[in-house]
Amino acid sequence: MNSKNNMMCDLETGVCGSAGDEGMEMIDFNQPKKTINLYYVTDPICSHCWAQEPVLRRFEEQYGDNFTFHTVMGGLLEKWGDGPVDPANGIAKPSDVAGHWREVGEYTRMPIDGTLWYDNPIHSSYPPSIVFKVIQKQNEALARVFLRRVREAVFAFNHNIAEKSILVEIVNNLGLNGEAIVKEAELPSGQQLLNEDFVLAAKLGARGFPTIVMINEENKGVKIVGARPLEYYVAGLKQVLDSETLQPKQQPALSSLLEKEKLLFSKEIEVMYDLEKAEINAFAEKELSSASYQVREILGETYFVTK
């Protein structure tokens, strides 16, 4: 056979040449069957969960074809009472949280303001948790966007996400009826939805946040407690899949990631693309059209928003 009839251009290298002997091959377009359930036990005001967002996003982007993601509310703060809320971290009153949050923010570089704990403290993490559950009942994907927006609001932008007006505005900005959803969340049925999550969190053995539990078809699972590096989650997934190797998907282009997320902090882009902080601006200029985004700064950290 004339080899000149057997030429191809390699999409990755851009080099054109002989296609070799592999003119025909069987390929499988079936998506892997999602046999793993991943449960993420969390709370809207959990600072370590906020700090973990960059790693969890990358894990889901690259390995999410292997599992179904379930967010479970854990109930971090019902209300401030007479005794200490978190004695291990020396937290007995709202103002004690501010220093703890600031440390987490500085150490992880996911921006945390925290001054609201002095002048407008959150009385409970239950109101945003219940709003999450009410939205989740209708639309799982939108509920997760809501959780992200309340976290941005409380950690970076210092808004009290237990206040009705703040919750209504965030829900409205998702294209939903904020008044109606927040009103529904105040009904006994809203608390009932949250209680169901508490039962599930207890069944999963979650005693702190973040906790991630991955369970396979045989009901065997791994539990990963606390904010961990990406390798921990990949190793856990391999274990429950009983697989030596896992092929990660290519990270999404920054343009499509920002289009989807609407707001990304520098640390999130660094973790997604294995970059150093100093490389971020040049990377963004190369990957994004200047008409599509704005660069802003908060608490000494750069962030990118869609225009």
Side-chain angles (χ1 to χ4, degrees), residues 40 42-47 49-50 53-54 56-57 60 69-79 101 110-117 119-197 255-265 268 291-299 301 303-307:
Y40 172 42
T42 186
D43 185 274
I45 67 167
C46 162
S47 56
C49 301
W50 171 242
E53 296 239 328
L56 283 186
R57 181 182 292 104
E60 195 174 2
F69 197 105
H70 308 273
T71 305
V72 182
M73 290 289 126
L76 187 55
L77 175 67
E78 183 176 5
K79 62 180 189 295
W101 272 24
M110 280 294 279
I112 301 181
D113 184 312
T115 53
L116 64 84
W117 289 108
D119 46 33
N120 183 21
I122 295 161
H123 67 273
S124 170
S125 66
Y126 284 25
S129 299
I130 297 173
V131 171
F132 171 86
K133 292 303 300 175
V134 170
I135 297 172
Q136 189 185 39
K137 206 174 52 165
Q138 301 174 16
N139 186 320
E140 175 78 37
L142 262 186
R144 290 184 64 190
V145 177
F146 167 78
L147 182 58
R148 168 65 185 206
R149 297 291 171 260
V150 291
R151 283 189 169 145
E152 290 169 0
V154 69
F155 291 113
F157 303 112
N158 212 38
H159 297 306
N160 186 335
I161 56 166
E163 286 180 0
K164 187 173 175 175
S165 59
I166 299 285
L167 289 170
V168 167
E169 186 183 349
I170 292 170
V171 177
N172 282 341
N173 287 337
L174 297 176
L176 300 172
N177 184 333
E179 283 285 346
I181 283 173
V182 173
K183 197 172 274 182
E184 188 181 338
E186 290 170 340
L187 298 172
S189 55
Q191 183 62 50
Q192 181 53 41
L193 287 173
L194 190 57
N195 291 344
E196 287 165 14
D197 266 19
S255 53
S256 58
L257 186 68
L258 185 58
E259 184 55 42
K260 183 171 94 174
E261 299 288 350
K262 308 301 181 208
L263 184 158
L264 288 166
F265 292 97
E268 300 183 286
S292 67
Y293 76 101
Q294 289 178 329
V295 188
R296 297 179 189 164
E297 195 174 293
I298 193 161
L299 302 165
E301 287 294 333
Y303 68 101
F304 298 80
V305 289
T306 51
K307 279 187 179 171

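- Of the charged side-chain nitrogens involved, none lies within less than 4.0 Å of a carboxylate oxygen, so that Glu152 and Lys262 do not count as a salt-bridged pair.
- How far CG of Leu263 is from OH of Tyr293: 14.0 Å, rounded to the nearest 0.5 Å.
- Of the inter-residue distances, the one linking Leu142 atom CG with Ile135 atom CD1 reads 7.0 Å to the nearest 0.5 angstrom.
- Rounding to the nearest 0.5 angstrom, the gap separating the CD atom in Glu196 from the CD atom in Gln192 is 5.0 Å.
- Arg148 and Glu261 are not joined by a salt bridge, as no carboxylate oxygen comes within less than 4.0 angstrom of a charged side-chain nitrogen.
- Atom-to-atom distance recorded for Ile161:CD1 and Ile166:CD1 is 9.5 Å, nearest 0.5 angstrom.
- Remark: Arg144 is positioned above the aromatic ring of Phe69, its terminal NZ or CZ atom under 6.0 angstrom from the ring centre and at most 45 degrees off the axis.
- No side-chain heavy atom of Phe155 sits under 4.5 Å from any side-chain heavy atom of Leu299.
- Checking side-chain atoms of Asn160 against main-chain N and O of Asn120 turns up a donor-acceptor pair under 3.5 Å.
- Using a 4.5 Å heavy-atom threshold, the side chains of Ser47 and Ile112 count as touching.
- Under the 3.5 Å distance criterion, the side-chain polar atoms of Ser124 are left unmatched by any main-chain donor or acceptor of Lys79.
- One finds the CD1 atom of Ile130 at 8.5 Å from the CG atom of Leu193 (value rounded to the nearest 0.5 Å).
- Under the 30°/60° scheme for interplanar angles, the aromatic rings of Tyr303 and Phe265 are found to be tilted.
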| message | Pair Leu147, Thr42 - check side chain to side chain contact (heavy atoms under 4.5 Å, CB included), show working. | response | CA-CA 10 Å; Leu147 182 58; Thr42 186; 4.3 Å; yes
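- Judged by distance alone, the side chain of Asp43 and the main-chain N or O of Gly74 form no donor-acceptor pair under 3.5 Å.
- In this structure, the separation between SG on Cys46 and CE on Met73 is 10.0 Å, given to the nearest 0.5 Å.
- When atom types are taken as modelled, the side chain of Thr306 and the backbone of Glu259 share no donor-acceptor pair closer than 3.5 angstrom.
- Annotation: side chain of Glu268 is in contact with side chain of Met110 (closest heavy-atom distance under 4.5 Å).
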